[in-house]
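Down below is the structure, laid out as structure tokens.
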Amino acid sequence: MNYPVWDIPFLGNGLVVAIIAIIHILISHLAIGGGAFLFIAEIWSNRQNNGPQIRDWLHKYATFFLVYTTVFGAVTGVGIWFAIQLANAEATSLLIHQFVFAWAIEWVMFLGELTTLYLYFYGWHKNSRSMQVFLAGAYFVIAWGSLFVINGILTFMLTPGAWNLDNTSIAAGFFNPGYVSSLFIRTLVMILLAGLFGIIMATRIKDDDNFKEKIINFSAKWVIPAAIIVPLLMLWYWSTLPANTIALIKSGATGLAGGKLEVITRYFWLALVSGVLIVFGTLFTIIRPKAATTIGAISLFLVAQFGVMGAEFFREMARKPYVIYGVLFSNGLWQYQTRDEQYMKADYLDKALWHPNIEPLGQQHGEWIFRLQCASCHTRDGYRSIISRTEQWTGDFGFRWLETMDQQGVMPPFQGSDQDRAALSSYLISLHGEQTSAQEILDQYRKAQADSISAAATDTIATEELK
Amino acid sequence: MIESVFTILSALTNQVSLPPPDPLGYPVPPWILQALSYLTLTLHLLAMNFVIGGSLLLLWARFRKKLGHEGAAYFLGSGLPLGVSYIITLGIPPLLFVQVLYGQLFYSSSILLGAFWIQVIPLVILAYTGFYYHKFNRFQRPRYQSLIIAVSVIFLLYVGYIYVSNLTLSMSPEKWLAMYAQSAGGGVLHHGEPSLHPRLLLFLSGAFAVAGLALIWRGAFLIRWGFAEEGTRCQKFGFRAFLISPVIWALAALGVYFTRKAEIQAMFNYSGATIILLIIGIVSALLAGVFAYLSIGKKNPLHLILSSLGIFGSMASMVIFRDLVRMAYLEPYFKLSSVPVNAQWGMFALFVITLVLGATFLIIYAIKVIPRIAEQSRERLGQTLSVK
């Protein structure tokens with residue numbers, strides 16, 4: 001809550017991150033797997049009779065690969081960085097300050113892979129055969145090195161392991177429980193994507209001498225094993241997840257506010273089904289290589305994009321309600337702050353930095369609480385809409401619900417006083433046209449509380465009298 | 001006096017929403033991060049100036065179609081996508097280190113103009129795609145090609161404007177709260193800062209010098225390969241372009257001066273280093289020009305190397321000057337020395353080792369491969385020139 005919340009109507013800032021991330025993940029994995037593909041294909045072409053023909057085709061692969069990965073891959077990578085700053089500056093700041101030199105090392109890798117790729121590509125017609133094989137191999141090793149580094153930071157967010165604010169050991173955070181399985185999964189996925197990209201490029205071959213078939217067979221070998229092993233590795237990955245996350249996936253939690261977490265299961269399935277579709281699609285191209293069309297191959301690639309989307313939403317939702325598991329909540333509240341009850345119950349706007357002067361219980365009070373405490377995950381009427389989640393609410397219900405909203409395990413605890421809860425509840429129901437002022441909600445609650453106290457008192461007196 | 005400026009600012013600080021610095025502190029003493037930023041930001045700005053200047057010269061060459069322009073346009077058209085690629089790559093470390101050093105300021109200002117800040121990504125993708133499109137299709141539909149280059153360069157200029165706007169805003173916390181109350185989605189780009197346009201112009205003032213120098217380098221290679229006439233033509237074209245830069249720089253500097261007179265004067269009082277940096281900047285730029293002129297018609301690269309160093313020195317002094325301005329502006333709010341250092345020397349050493357190994361590897365293989373790539377250009381050039 002040190003930072004302003006980037007309050008974007010309809011999309012919400014989380015979805016901006018997700019859109020950029022999903023595009024980037026597919027391309028960045030291809031960017032590494034494609035390196036292995038170029039390297040192996042270079043060696044393979046040396047051993048084939050029609051080596052030059054293979055290398056002509058490989059040049060086309062490399063051209064598309066270079067433009068696609070350096071333009072869209074590199075820029076969307078920076079894009080994730082831009083988006084996470086906007087969506088969650090507090091978490092980004094923690095990651096940057098903790099892992100700045102890991103990031104700096106990743107940058108060296110990035111500079112290295114880019115330059116090596118240029119030396120490989122632009123030297124295509126003049127470099128010796130052994131130099132080309134070497135450069136392709138070097139490109140792959142460096143690019144995989146960048147994955148080795150970034151994987152530590154990515155998995156840290158969901159499974160920080162022994163790392164905490166008192167033990168900020170880089171090794172503990174970096175080589176966290178989710179690190180190894182995730183590294184294997186990502187490595188296999190990138191191999192798979194390289195093969196799918198190969199199939200796309202193979203479908204463009206026009207000839208009769210079975211060259212297309214040969215290339216499709218070569219590319220398909222990159223897809224099938226990876227697609228089969230990935231689900232097995234996912235089980236391993238599963239075993240490293242926090243217990244709360246596993247419980248949520250298994251049972252699905254339906255929040256009182258309608259925030260259904262079964263979606264997490266749906267995304268998990270989406271990732272699995274995509275894998276199966278890719279296996280069958282690829283098998284089809286192997287059996288009928290001549291029938292394989294570019295549109296069909298691109299469709300398979302898009303299926304992989306959906307798989308990545310599923311996996312990515314899964315990873316993001318599995319972290320709920322945290323952005324860094326067990327450390328920092330998605331809305332900028334620190335876990336350690338929740339242990340201080342007095343702090344949690346204090347007037348929210350006195351603690352929050354980013355609001356103008358507001359009249360307590362006035363119209364704007366609830367709106368600013370929504371913006372600063374809720375808008376990092378919820379939009380009013382778009383993605384994770386708060387209107388649809390509070391449709392059944394009355395002012396009093398909302399007031400009471402907010403007090404225990406963290407008990408479902410998908411939301412952080414509410415920060416603020418009774419006045420703050422009344423103001424937020426009043427604002428939320430005003431979004432679907434119901435007007436109950438914060439003061440009325442508060443009065444109603446206090447009256448009910450006074451009634452129940454006097455009822456209890458009457459009961460006590462009655463019991464005393466009976467004696 | 002600097003004090004008077006800061007007293008005005010200090011009076012405002014009680015209304016300022018300024019997040020505290022990250023509790024993890026700095027991973028190494030800040031001067032190391034500053035030095036790394038200076039180096040990489042200078043390289044980033046050189047790449048940026050090459051691309052902006054190169055695109056404009058490319059458009060000019062396509063428009064005027066004088067003798068020698070075709071070759072220059074081909075060279076620039078091939079270089080622009082690579083230039084963009086290195087703008088991005090070399091832009092990463094300064095962006096990383098600014099988040100470590102000034103994170104609480106930089107994140108806040110980014111969010112405050114978030115709706116624009118995020119546009120940087122699609123705009124760069126479009127411009128980058130435009131340059132590649134041109135490279136692969138440059139001989140088809142000439143007018144359309146010029147349009148694509150023009151649109152791409154406009155996008156990049158707009159990206160530059162967004163950057164200047166963000167980084168300027170990060171130094172003015174007194175404006176933040178009002179902006180956030182006005183637009184929580186980050187929809188205010190020009191936040192009433194009169195010096196925004198001249199500042200952008202200042203950072204781009206090297207555009208024609210850098211792109212011009214690239215053409216002079218090309219000319220030197222052409223002369224070395226025996227295409228003396230074409231080479232000298234290319235160098236003269238490059239040098240004429242080079243001469244535009246001082247004019248732009250003077251205009252931009254005057255613009256900044258007149259829009260921010262009090263602060264600029266305060267800056268010179270703030271630290272003697274600013275005056276020294278200004279002098280170094282101007283002298284190295286002048287020397288760069290002199291050496292560029294001396295290199296025309298020669299195949300010996302000595303003058304060219306000196307000229308390139310001059311450009312680098314002038315850009316670097318501007319980068320350091322800029323950081324001093326930032327520190328002066330931020331004095332009432334935040335000092336680098338107020339943040340504790342929780343040293344990560346092991347990780348830092350690992351980074352330095354990776355950097356040294358990586359750079360060594362790249363230099364060795366660049367030396368091995370680039371002459372072969374150049375050889376290919378030479379053959380292609382021999383063919384085109386002999387056809388004519």
Side-chain angles (χ1 to χ4, degrees), chain A residues 2-9 13 16 20 67 70-72 74-76 78-79 81-83 85-86 89-90 92-94 96-105 107-112 114-116 118-120 122-123 125-127 131 135 138 142 165 168 170 353-356 371 375, chain B residues 17-20 22-27 82 85 88-93 95-97 99-100 103-104 106-108 110-112 114-115 117-118 120-121 124-125 128-129 132 176-177 180-181 184-186 342 344 346-348 350-351 354-355 358 361-362 365-366 368-370 372-373 375-376:
Chain A
N2 287 322
Y3 290 97
V5 173
W6 188 37
D7 186 357
I8 324 251
N13 57 38
V16 174
I20 301 176
V67 175
T70 59
V71 175
F72 295 92
V75 186
T76 50
V78 179
W81 218 21
F82 273 56
Q85 288 164 17
L86 297 175
E90 193 97 45
T92 309
S93 177
L94 185 152
I96 293 274
H97 283 81
Q98 180 67 50
F99 296 115
V100 53
F101 291 117
W103 248 306
I105 290 169
W107 168 72
V108 176
M109 306 280 184
F110 182 56
L111 180 69
L114 196 72
T115 308
T116 312
Y118 290 146
L119 293 176
Y120 169 75
Y122 290 103
H125 300 291
K126 286 284 172 185
N127 282 337
M131 177 65 96
L135 287 173
I142 301 170
L165 286 175
T168 56
I170 295 169
L353 283 175
W354 290 89
H355 57 85
R371 177 167 293 142
Chain B
S17 302
L18 185 64
D22 196 280
L24 292 175
Y26 291 147
L82 288 176
S85 164
I88 298 164
T89 313
L90 296 166
I92 291 171
L95 200 62
L96 179 66
F97 299 134
Q99 292 180 53
V100 180
Q104 77 278 23
F106 176 73
Y107 294 137
S108 302
S110 301
I111 296 167
L112 291 174
W117 188 235
I118 200 69
V120 165
I121 303 307
V124 170
I125 290 179
Y128 202 170
T129 310
Y132 260 121
W176 292 353
L177 199 51
Y180 191 52
N342 294 319
Q344 302 181 2
M347 282 303 287
F348 179 67
L350 206 56
F351 162 65
T354 319
L355 184 62
F361 171 82
L362 290 180
Y365 280 89
K368 282 188 179 187
V369 174
I370 289 176
R372 296 188 196 153
I373 301 174
E375 180 66 23
Q376 197 179 327

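So that the names make sense, note that chain A is the first sequence line, chain B the second, and so on, each numbered from 1. The figures that follow rest on heavy atoms only: side chains count, while hydrogens, waters and symmetry mates do not.
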Segment of [X] engaging chain B (4.5 angstrom heavy-atom cut-off):
{"X": "A/A375", "answer": "neither"}
{"X": "A/W107", "answer": "side chain"}
{"X": "A/V5", "answer": "both"}
{"X": "A/V108", "answer": "side chain"}
{"X": "A/I170", "answer": "side chain"}
{"X": "A/L94", "answer": "both"}

* Specify the closest pair of heavy atoms between A/V78 and B/I121, including all atoms of both residues, with the distance to one decimal. =>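 Heavy atoms of A/V78 and B/I121 come nearest at C-CD1, 4.1 Å.
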* So B/F106 and B/W117, ring-ring contact (aromatic ring centres under 6.0 Å, His included) or not? Walk me through it. -> CA-CA 12 Å; B/F106 176 73; B/W117 188 235; 5.8 Å; yes
* To do: Could you tell me how the ring of A/W103 sits relative to the ring of A/W81: parallel (under 30°), tilted (30 to 60°) or perpendicular (over 60°)?
  =>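 Rings of A/W103 and A/W81: tilted, as their planes differ by 30° to 60°.
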* To do: Look up atom CZ in A/F101 and atom CG in B/L350, then write down how far apart they are to the nearest 0.5 Å.
  =>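 Answer rounded to 0.5 Å: 10.5 Å.
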* To do: Kindly compute the distance separating CZ (A/F72) from OH (B/Y128), expressed to the nearest 0.5 Å.
  =>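 Taking CZ in A/F72 and OH in B/Y128, the distance rounds to 10.5 Å.
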* Heavy-atom pairs under 4.5 Å with chain B are the metric here; pick the option from A/N13, A/T168, A/T115 that has the most. =>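 Of the options given, most contacts go to A/T115.
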